[in-house]
Amino acid sequence: MVAVAKSTENSPRPSIGFHALTLATFFGASAAPTPLYRIYQENFSVSPVLITVIFAVYAFALLAALLTAGSISDHLGRKPVIFFALVLEIIAMGLFVVASGPGWLIAARIVQGLATGIAGASLGAALVDVDRAKGQIVNSIAPLSGMAVGAVGTSALIQYGPFPMHLVYALLLVAFTLQAAAIWLTRESGATRPGALGSLIPRVTVPPQVKRPLSLVTPINIANWTLAGFYLSLVPSLVATTTGSRAPLTGGAVVTALMVSGAIAVYLRRSKTASANLGFGVSAKTLGILTVVAGVHLANVPLLLIGTIFTGAGFGTNFLGSIGTIMPLAKPDERAGLLSAFYVQSYLAFSLPAILAGFLAKSAGYALTTDIYATAILLLMGAGLLSIRADRRRVAESAA
């Protein structure tokens, strides 16, 4: 029997604005360390390899949380699960505030990854509870918008504020504390039902009818998340090393440009077909990556920004196209397992290549690492798009 969570008639209606802001704040906090990685390298004598490990453990923890606790709010209700995620995030911010070495940073990122994974799933579900149409759009845009604000806001605080390694986390700690209190002022939007422990068992499945389409979009999806991991782990250091501009806002602005253009592209192209989005995304991202490489070798920050804007537009539309290719093919009871499989692929591509980039940056330098990554990403995207078009022709010929 399913017991619907009770609420009083005079309880405030759940606010889509509050849930959207909370979701954006979580992802803003996830991007806050990015402009600080170069500062950590200088103050803690941390190598590029260890920086990418600090980055990657967040992705591993987030993925683990999504796979195990991704549906727990369907059983316990949205509010207690969101509150628990907020408490975990407050602990993570506290660890960042007192961090005095890489061990503290790794611990903080693990806790933050767990919190963000739980929050992303439960807040995403709450947004759809409140308004299905708007909730789906917010779920696509809020994370990218939050990361954009987190990157540029942290950069500004580093450049102009006191206590550069601690101020942003102290402010975020206060923000999450206020949100943890405010969540109890909203009405429960979900339901409670038995089976909470069973829901913690990861279910990763690819339905038979989705295996080929997923394999076709896999190169594009891997290229997408490999690029995102590279930007969020190494780009501020890359900008400082190759252009000579050590102003934190410069590197932060480049990372922010990726997220802002990605969010805008998701919104503008949300009604386009999956194949149209993939075609546009690969073209925009190819142009963007080539421009970024030129900006690196010419030590030209405006070129880096322009290239990143095109790259971000490609990133957003490739994500839409990948999801739009596979999810409509799954039956309702298959979607959760398929989405888990897609998450596994995406977050492994987000994290593991970033560690490799750290090794390359240490041994070969940032410019050559950029060249190698740009080449690999372009080849992956090209192979994926050619495979999709060849499969489309094959299907059309067999149907004729």
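Bear in mind the structure is a predicted one, so any value in this text is a computation, not a measurement.
Ring planes of Tyr347 and Phe350: perpendicular class, angle over 60° (limits at 30 and 60°). Ring pair Tyr373/Phe230 is parallel by interplanar angle, where below 30° counts as parallel and above 60° as perpendicular.
In this structure, Leu380 is not a member of the same hydrophobic cluster as Leu386, with clusters built from ILVMFWY side-chain heavy atoms closer than 4.5 Å. Hydrophobic cluster membership is shared by Leu290 and Tyr366, with clusters built from Ile, Leu, Val, Met, Phe, Trp and Tyr side chains linked at under 4.5 angstrom. Placement of Leu178 and Tyr169 in two distinct hydrophobic clusters is found when ILVMFWY residues are connected by side-chain heavy-atom separations under 4.5 Å, directly or transitively. Cluster annotation: Leu287 and Ile264 are assigned to distinct hydrophobic clusters (Ile/Leu/Val/Met/Phe/Trp/Tyr, side-chain heavy-atom contacts under 4.5 Å, transitive). There is a path of hydrophobic side-chain contacts, each under 4.5 Å, that joins Val98 to Ile110.
Residue Phe315 forms a ring pair (Phe, Tyr, Trp, His ring centres under 6.0 Å) with just one option from Trp225, Phe280, Phe310, and that option is Trp225.
Sorted by first and then second residue, the salt bridge (charged side-chain N to carboxylate O under 4.0 Å, His left out) pairs involving residues 33-57 (not counting sequence neighbours) are Arg38-Glu42, Glu42-Arg246. Residue pairs that meet the salt bridge (charged side-chain N to carboxylate O under 4.0 Å, His left out) test with at least one member in residues 253-277, sequence neighbours left out, do not exist here.
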Side-chain donor-acceptor pairs of residues 158-167 under 3.5 Å, sequence neighbours excluded:
{"from": "Gln159", "atom 1": "OE1", "to": "Leu249", "atom 2": "N", "distance (Å)": "3.0"}
{"from": "His166", "atom 1": "NE2", "to": "Val97", "atom 2": "O", "distance (Å)": "3.3"}

Side-chain atoms of residues 21-33: list all donor-acceptor pairs with protein atoms under 3.5 Å, sequence neighbours left out, distances to 0.1 Å.
{"from": "Thr22", "atom 1": "OG1", "to": "Phe18", "atom 2": "O", "distance (Å)": "2.8"}
{"from": "Thr25", "atom 1": "OG1", "to": "Leu21", "atom 2": "O", "distance (Å)": "2.6"}
{"from": "Thr25", "atom 1": "OG1", "to": "Gln179", "atom 2": "NE2", "distance (Å)": "3.2"}
{"from": "Ser30", "atom 1": "OG", "to": "Phe27", "atom 2": "O", "distance (Å)": "2.6"}

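Among all heavy-atom pairs drawn from Leu238 and Ala367, the shortest one is CD1-N, 4.4 Å. Pairing each heavy atom of Gly324 with each of Ala274, the nearest pair is C-CB, 3.6 Å. Nearest heavy atoms, Gln112 versus Ala92: N-CB, 3.8 Å. Heavy atoms only, all atoms of each residue included: Ile90 and Ala180 are closest at CD1-CB, 4.3 Å. Taking both residues in full, the closest heavy atoms of Gly117 and Leu66 are given as O-CD2, 3.5 Å, listed atom of the first, atom of the second, then distance. What you find for Asn318 and Lys285 is that their closest heavy atoms are ND2-CD, 3.7 Å.
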Practice task
For the pair Val395 and Asp391, evaluate side chain to side chain contact (heavy atoms under 4.5 Å, CB included) and give the outcome as yes or no after the intermediate values.
Solution key: CA-CA 6 Å; Val395 171; Asp391 186 72; 4.1 Å; yes
Practice task
Go through Phe96 and Leu173 one step at a time and tell me if the side chain to side chain contact (heavy atoms under 4.5 Å, CB included) criterion holds.
Solution key: CA-CA 10 Å; Phe96 277 121; Leu173 191 153; over 6 Å; no
Exercise for the section: Dump the intermediate steps for side chain to side chain contact (heavy atoms under 4.5 Å, CB included) on Glu89 and Thr116, then the final yes or no. Expected result: CA-CA 8 Å; Glu89 189 75 353; Thr116 306; 4.0 Å; yes
Exercise for the section: Take Leu232 and Met259, measure what side chain to side chain contact (heavy atoms under 4.5 Å, CB included) needs, and give me the verdict at the end. Expected result: CA-CA 10 Å; Leu232 286 170; Met259 302 306 165; 3.8 Å; yes
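Clustering of Ile, Leu, Val, Met, Phe, Trp and Tyr by side-chain heavy atoms under 4.5 Å joins Leu303 with Leu298.
Ile118 contributes atom CD1, which lies 11.5 Å from atom CD1 of Ile82 (distance to the nearest 0.5 angstrom). Remark: Phe60 CZ to Ser351 OG distance equals 3.5 Å, nearest 0.5 Å. Between atom OH of residue Tyr231 and atom OG1 of residue Thr256 there is a gap of 11.5 Å, rounded to the nearest 0.5 Å. Taking CD1 from Ile377 and CG from Leu227, the interatomic distance works out to 4.5 Å, rounded to the nearest 0.5 Å. Separating the CD1 atom in Ile289 from the OG1 atom in Thr308 is a distance of 10.0 Å, to the nearest 0.5 Å. Annotation: the span from Leu216 atom CG to Asn221 atom CG amounts to 12.5 Å, rounded to 0.5 Å.
Using a 4.5 Å cut-off on side-chain heavy atoms (C-beta onward), Ile309 and Ile306 make no contact. Using a 4.5 Å heavy-atom threshold, the side chains of His297 and Asp371 count as touching. Looking only at side-chain heavy atoms (C-beta outward), Ser346 and Phe319 stay at 4.5 Å or farther from each other.
In the model, Ser73 has no side-chain atom that pairs as donor or acceptor with a side-chain atom of Ser122 under 3.5 Å.
Taking Phe84 as the reference, nothing meets the ring pair (Phe, Tyr, Trp, His ring centres under 6.0 Å) condition, with sequence neighbours excluded.
Crowding of Arg392 atom CZ: a count of heavy atoms from other residues, nucleotides or ligands under 6.0 Å exceeding 12. Counted within 6.0 Å of OH on Tyr40, heavy atoms from surrounding residues, nucleotides or ligands total more than 12; the atom is thus considered enclosed.
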